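The structure appears right after this line, and notes come after that.
Chain letters run A, B, ... following the sequence lines, proteins first, then strands; residues in each count from 1. Everything quoted here is computed from the prediction, not taken from an experiment.
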Amino acid sequence: MANDRRAQLLSGNEACVRGALAAGVRFFAGYPITPSTEIAEGLAAALPKVGGTFIQMEDEIASMGAVIGASLAGVKAMTATSGPGFSLKQENIGFAAMAEVPCVIVDVQRYGPSTGLPTSPAQGDIMQARWGTHGDHPIIALMPASVRETFDLTVEAFNLAEELRTPVILLLDEIVGHMRERVELPPDESVHVVNRTKPVEDPETFQPYKPGPNLVPPMPAFGDGYHFHVTGLAHDESGFPTGRGQDADRLVRRLHAKIQNRKPPVARAEEWQLEDAEIVVVAAGSVARSARAAVREARVRGIKAGLLRPITAWPFPENEVREAARRAAAMIVPELNLGQIVREVERVSGGETKIVPLNRIDAELITPAEILERIQEVAAHVD
Amino acid sequence: MANDRRAQLLSGNEACVRGALAAGVRFFAGYPITPSTEIAEGLAAALPKVGGTFIQMEDEIASMGAVIGASLAGVKAMTATSGPGFSLKQENIGFAAMAEVPCVIVDVQRYGPSTGLPTSPAQGDIMQARWGTHGDHPIIALMPASVRETFDLTVEAFNLAEELRTPVILLLDEIVGHMRERVELPPDESVHVVNRTKPVEDPETFQPYKPGPNLVPPMPAFGDGYHFHVTGLAHDESGFPTGRGQDADRLVRRLHAKIQNRKPPVARAEEWQLEDAEIVVVAAGSVARSARAAVREARVRGIKAGLLRPITAWPFPENEVREAARRAAAMIVPELNLGQIVREVERVSGGETKIVPLNRIDAELITPAEILERIQEVAAHVD
Amino acid sequence: MSIEELLERYTRRDKLPHIWCPGCGNGIIMGAVIRALDQAGVDQKKTVIVSGIGCSSRAPGYMKFDTLHTTHGRALAYATGVKLARPELKVVVLTGDGDCAAIGGNHLIHAARRNIDLTVVVFNNDIYGMTGGQYSPLTPQGSYATTAPYGTVDRNFDLCELVKAAGGTYVARGTTYHTRMLIDLISAGLGHKGFSFIEVVSQCPMYYGRKNKLASAVAMLEWQKEHAVPVKAAAKLTPEQLKGKFVIGELHREEAPEYTEVYAEVVARARGEEK
Amino acid sequence: MSIEELLERYTRRDKLPHIWCPGCGNGIIMGAVIRALDQAGVDQKKTVIVSGIGCSSRAPGYMKFDTLHTTHGRALAYATGVKLARPELKVVVLTGDGDCAAIGGNHLIHAARRNIDLTVVVFNNDIYGMTGGQYSPLTPQGSYATTAPYGTVDRNFDLCELVKAAGGTYVARGTTYHTRMLIDLISAGLGHKGFSFIEVVSQCPMYYGRKNKLASAVAMLEWQKEHAVPVKAAAKLTPEQLKGKFVIGELHREEAPEYTEVYAEVVARARGEEK
Amino acid sequence: MSTTEVRLSGFGGQGLITAGIILAEAAILDGKNAVQSQSYGPEARGGASKAEVIISDGDIEYPKVGDADVFLAMSQAACDKYAKALRPSGVLIVDTDHVKNVPAFSGKTYSVPITKIAVRETGKELVANIVALGVLVGLTGLVSREALETAVLDRVPPKTKDLNKQALAAGFAAAEEILGKEGE
Amino acid sequence: MSTTEVRLSGFGGQGLITAGIILAEAAILDGKNAVQSQSYGPEARGGASKAEVIISDGDIEYPKVGDADVFLAMSQAACDKYAKALRPSGVLIVDTDHVKNVPAFSGKTYSVPITKIAVRETGKELVANIVALGVLVGLTGLVSREALETAVLDRVPPKTKDLNKQALAAGFAAAEEILGKEGE
Amino acid sequence: MEKAPGVITVNEKWCKGCGICIAFCPAKVFTAREDGKPVVTNPDACTRCGLCELRCPDFAISLGGKSHGE
Amino acid sequence: MEKAPGVITVNEKWCKGCGICIAFCPAKVFTAREDGKPVVTNPDACTRCGLCELRCPDFAISLGGKSHGE
Ligand SMILES: Cc1ncc(C[n+]2csc(CCOP(=O)(O)OP(=O)(O)O)c2C)c(N)n1
Ligand SMILES: Cc1ncc(C[n+]2csc(CCOP(=O)(O)OP(=O)(O)O)c2C)c(N)n1
Ligand code: SF4
Ligand code: SF4
Ligand code: SF4
Ligand code: SF4
């Protein structure tokens, strides 16, 4: 296997750049911020080569606005940021959700709150990804655990965004973003790429927000001659604001339903050694790596442990967690925060199992040993 | 009782202005936005009269920044906004939490997401109030249900902010903010007002972030001669960033603990007819008014219903809800959103009771009749 | 083109009459924009109208183009994305004084700095109309507003000066009273390659007028007539004579490389193409 | 005052040496600010130093004053709150070119417009240092940066012009090379009542230098020496002769009512007091 | 516990929001509970305008008016829209100057030329809202006349006190005339 | 399954991050798995610098290096800080030009004048990191020499290929010399 | 709204009675009704300058016929 | 760091060897060591202009004695 040239060493941020290019990104607007900057830097170099556009805007708000504008003009568009910038983008993310503008927002999580420890890892933005903007907006957020998965989920983020006309958040953490590991990337041709559905109706009768069979309205680009109107106000199928509560109700419920009802479900988790597991570790992102090592070691020691790894932070894989909770004696939820995923686990498990949080916020990754220790403690009380 | 001059007709927004003045506010920075603007307008007129300062800043981000600056300069400071502006303020709210700067942020919730229906009611920012900024920040959010309570909780918001050195959010909804009702306000002298604790140490040895007995560090003002440093970076007791994970860990855990451990607890709920209630309605803000009417009517009809009204949205009154869940056959959670409080109810009730959401997002207030109907439905299945 | 034809061709007639108050300048400016678009001969199918949030920002909803009603203050950021993604589109931004100069001030100066080919028309009614009469950064110092019950403390921007200093390459000021000149100014802006900016002094009789003893739209237009000085006439006046007046007409024009064109060169360079 | 005394009195010595790279201009500017504060005779106890986020914005951490290290771009907003709440305090803002002119651009023009009594010193190293070398709105067009591998497309601001147009009443430009002049300019700014603004052309050898063939701090100071033209000398030069150069010295000064003073009048009026 | 729900509707500029506030304040002066709310939004400027008042001896929980007990319609559009949301036993008062088609209705209907009375008695159309209040209270006795007068005078600009007193008196007079006729 | 954890530490500017990347890339060329990570932050500029590499035949889950198998210390501070985080059976390599106090340690310790070798053999201190890689691989055989050379030449600017080849050779030579002596 | 080429028409549904056309018509073609809306009382004076059309905020006035003043 | 009034001292702990003092000293008082840090090799040439002190980014040079050039 010497001189294996298909395999290469890439960081998560670099893999994100590659994934975006494979998915067909043609526009990036951003503002530098550690630990996400390499994504901007990679696309600044790569986009002009494919005839795309890179722009560093005056701030994150403007970046998010430009991304929405570009997407409406018909190109696949993305931005990348970290905590403070993610906070600033929230208002416009809500616009993208409301006006159904496909786009990808990468948040490489760093230690917060506030400026925090700018170069240290954390998973403190998971709830923010869901609830950061005002009002009841829907969102999708994906949480890769490896460099290769960062590539894959970047592609999937674009695919979901385009298919469902919705902003999709790619939630990295500093560890996944910055670590380099061996990956083999598929050739671009073999990557499954989804493009938005364009309308076929006559511009005169076209209703830009009339949903298709999957609840998603086909989407023309500016300049295609449809003369359509886009607004963040509640609107009806024509796209114009009506001020009527019923129209708003119908719209907002559909925005949620198009994601909730999608087949196959958007929500998804990896299950590993779960069939007979008595103790289930629920972990996402970089922490899932430690969790997997701990579960393997626990099995070696004869403990029936398993791993449930949410791949989508949002929608949260409720069914998978509920199911596992029904069967498990305990669930351990290690996170690099004071307890965010664990709240969802608590919520959906309905008291069916004992839930044990394991939180670390000292800027270090939770180790396999820590998780193993917790597994052993719990196992000691299980029977 | 004719010509009762103590009683008056005030809107929630007006009562907020009165409460702020009674609590000793001396600084307001804001940016107009419906349905919060009357708060700014009221303080624009009132503050100069008490020698305070009103400024309309260039946007909500600047407003939040100015409020923090003013508070550090030693005065009680606040801002008021609605959804879109609340989203924009989030980054600086996180700073206030991290640097422990007392301040009050009023969010008069309106229909979202995005521009939504700007003048219509909703309760869509409840989760955002908790999770809107990046990183694991602590927060307090109060949710009054009446004009009088808006006055009281505005005072309490200032008191908690000053006592605990933390940003406090006053979460109104458009109905509470805009409706006018009869209130009798207490004379200013009789209002209990808390002021921040100033340090007594020598400036030379003073450690600005060394916690007092309640975990809160005493707080000098700029210009008092302490020459202290304030930063949004993780810092140690000296206030300076160290870059060390342990310092960050200690800091962030304390920020949460000072709120969580406070005696009496910050988390609080109103309980009404709860002793023997089989069906408990959990409702906050304007919806709690309908809920109370429904519960009263249910009792008239012989159904053992009760009301549990979170006064603090955050910290969520977990104990009260858990306790009620243990005793109730079902909990009905009516909200003007797609289900936010209900998630907390689900989370803390641990499967002890049946939980029934009741959501309305057509820009109208849930009526007592709707809740009553749901109570009756549930009651029919209870025995 | 007759007004009937103009309306038929360029407006969403079924959305009219519009929501603006009697005498509001927004309708006059929107009419001028439509006439200017017609006069400049832009391709309607390839034109995008972008606005922020405010009474004025509702204008695109009445206009039969691709229209984008964004978030408050961010129209220029969105417009920048549209233009960069498809430089062949004509992108026009309609914005209020608050939208553009308060919350949106940063996007304004940066778009001007980049000299990106956008045409910006500011509906300057000296007040926040939509939210009911608060002061804006263009409200003359000392005016009354709901948030300035004792008169504004803030000095107001000379927005045209600011845009020029930021790098805008076409800068003009018009009024709703001088409607014909306004059409010409906007039309010239549309013809200019680069960042073009037209401030329109307008009227909000509902809030600015009521609060500041300008009882009606008519009174406010009279005020414009009396205080506006065309740029040529202004050149002959001393600063004292100009005090309290404002200058209208084309205030600045320069030729400079346009952003998307320079970017196209970068693309060529990155691809190793000759230019 | 000797350097030892200066350090003893005005710095948090235990925090030194600072984190900045070898040859970074930040230390020179911080030294100049300290000397200017001393020269202007400000009351140390009544002085607040506010910064945003960036390498340069770390400066207040080393200075023995009340110091406030805010969020990226927002220093002026926070500083406005401090000053308004306690107008008797002297408030100095230290900020980077990205902090001040990119994300913070709106706060800059609005603080200038209000003519609020703040002294702003911009550490202009033409680059984002803290995040590792991306371009800023002051990066000269065509320069290289990590986000501009083919050279920047963006035109750069003349920030002094912008601040002047926005309403700033004291505007100056200095360099880290012309250190003595810099101290005088900052000192004059501190003495000015109203919004005073000093742009300091500085050097980031680590990123700007490396990317743009300015191999060392020494080479970058040499460049400053060769390209800076004092304002008096500039007056005698033609635009062609000034091409590629930049002007240093006091560029603008005017007297105008200061914001907190005008606000004090509002308070007096509201309370029905005579003024 | 007696509770009365009142809806006042017409178009923006008729002062009905103010009228609603005054009515609620009068109720408070009478020692009662009152809640007032109104419609916001662009339509409040120029378009439709609506104020709702609930007056009660007890607590008022739900603050919105569903089916009203008393409905004052000062525009045709408002009358058409809200006539259905009136209790069968309720009271409908229409300003005949603006409402030409009065819907058939099981309760009491009073058609009063409110705007015309304002112009005739005070010379100012502006105070039609105060006339309306006089009519409404005169007809329904919802609050005491003294309380209403105090509330009106508390709210209006000092210079217009006499004008508003006149308007109120004109409203009361109109109501008396109607009731007098009814009595016949 | 064999896994080796390597830590390279010194100060910013010594090129240890690059060295870590090259080492990991060499392992990949050898058909192995590799993960590389590094310390970020202001201290990476001028202050301390640290790169960690894990090389394994199997999957690498936890990506951070705890106790290292191989530790290259190119500054005294780094040596003092991380010497403890070394497996008892591990290998410690210090650059004697920067590390004066070599801690006592149960495993193997190699003291090599890495920087001096770089200057002596190539005239450029700059390539001390490549010399170090040569020494490290020469001593440990962690990756194949061919893979290492390929990885080095892939990463460095074309103009400096010869220089880096020289440096690498010098490193290998130094290692051989040491091993040769050991063999004695 | 009836309209013949060259005949000034006012769209009463759209007109909000702001009075701008009346006040600024150089030829004083209009007079105000009670509700402020314009009545064409002096059609012969009309010079077809088009200002009323350009200034009407509500697109409510039409001079009829083709382009004027352009 | 030893220091006597009027004697140029370099704080070696703080100095980062940027070379600014060496390059721009008008009197060429300093020479560079191997690591780039300055050595005072020509103290007598010093005119006490103070520029090295003012320009040292690391507050590492002291001319000693009182205020100079101010
Ligand atoms: C982030 C945000 N802040 C505030 C508002 C509320 N708001 C809506 S329009 C507006 C200002 C309108 O003023 P201007 O831009 O001058 O337009 P006009 O209404 O006068 O035409 C404001 C503050 C908002 N929608 N979003
Ligand atoms: C909201 C937000 N966006 C981005 C960043 C990341 N960031 C930190 S400093 C900086 C720019 C630094 O440049 P400049 O202000 O010129 O200061 P310098 O470091 O060059 O002194 C950026 C983009 C941040 N901290 N917060
Ligand atoms: S409020 Fe002012 S700006 Fe808005 S529509 Fe009315 S007159 Fe025009
Ligand atoms: S990166 Fe640049 S600005 Fe930052 S400390 Fe280093 S030289 Fe100075
Ligand atoms: S200008 Fe237009 S809206 Fe105004 S009165 Fe004349 S026709 Fe009516
Ligand atoms: S200027 Fe200062 S830091 Fe630079 S070499 Fe001289 S003494 Fe050292």
Task: pair Leu365(A)-Pro63(F): side-chain heavy atoms closer than 4.5 Å - done: yes
Task: Between CG on residue Leu10(A) and CD on residue Glu25(F), distance to nearest 0.5 Å - done: 9.0 Å
TODO: Could you tell me whether Arg296(A) and Glu61(F) make a salt bridge, using a distance below 4.0 angstrom between a side-chain N and a carboxylate O?
DONE: yes
Task: Part of Thr367(A) within contact of chain F (heavy atom distance under 4.5 Å) - done: both
Open item on the list: Within the structure provided, determine whether Val35(F) and Arg289(A) are in side-chain contact (heavy-atom separation under 4.5 Å).
Closed with: yes
Task: Lys100(F), NZ: over 12 other non-hydrogen atoms inside 6.0 angstrom - done: yes
- [ ] For Ala34(F) and Leu9(A), work out which heavy atoms get closest and say how close.
- [x] O-CD1, 4.0 Å
- [ ] Report yes if some heavy atom in the side chain of Ile175(A) is under 4.5 Å from a heavy atom in the side chain of Ser37(F); otherwise report no.
- [x] no
TODO: Return yes when atom CD of Glu125(F) has more than 12 non-hydrogen atoms of other residues, nucleotides or ligands closer than 6.0 Å, and no otherwise.
DONE: no
Task: NZ/Lys108(F): more than 12 non-hydrogen atoms of other groups inside 6.0 Å - done: no
TODO: Evaluate whether atom CG of Leu153(F) has more than 12 neighbouring non-hydrogen atoms of other residues, nucleotides or ligands under 6.0 angstrom away.
DONE: yes
Task: Which atom of Glu181(A) lies closest to which atom of Ile60(F), heavy atoms considered - done: OE1-O, 4.5 Å
Task: Under 4.5 Å from any heavy atom of chain A - which part of Ile54(F) - done: neither
- [ ] Give a yes or no on this: more than 12 heavy atoms of other residues, nucleotides or ligands lie within 6.0 Å of atom NZ of Lys64(F).
- [x] yes
- [ ] Check whether any side-chain heavy atom of Arg180(A) sits under 4.5 Å from a side-chain heavy atom of Gln38(F), and report yes or no.
- [x] yes
Open item on the list: Within this structure, what is the CG-CZ distance for the pair Leu29(F) and Arg182(A), rounded to the nearest 0.5 Å?
Closed with: 10.0 Å
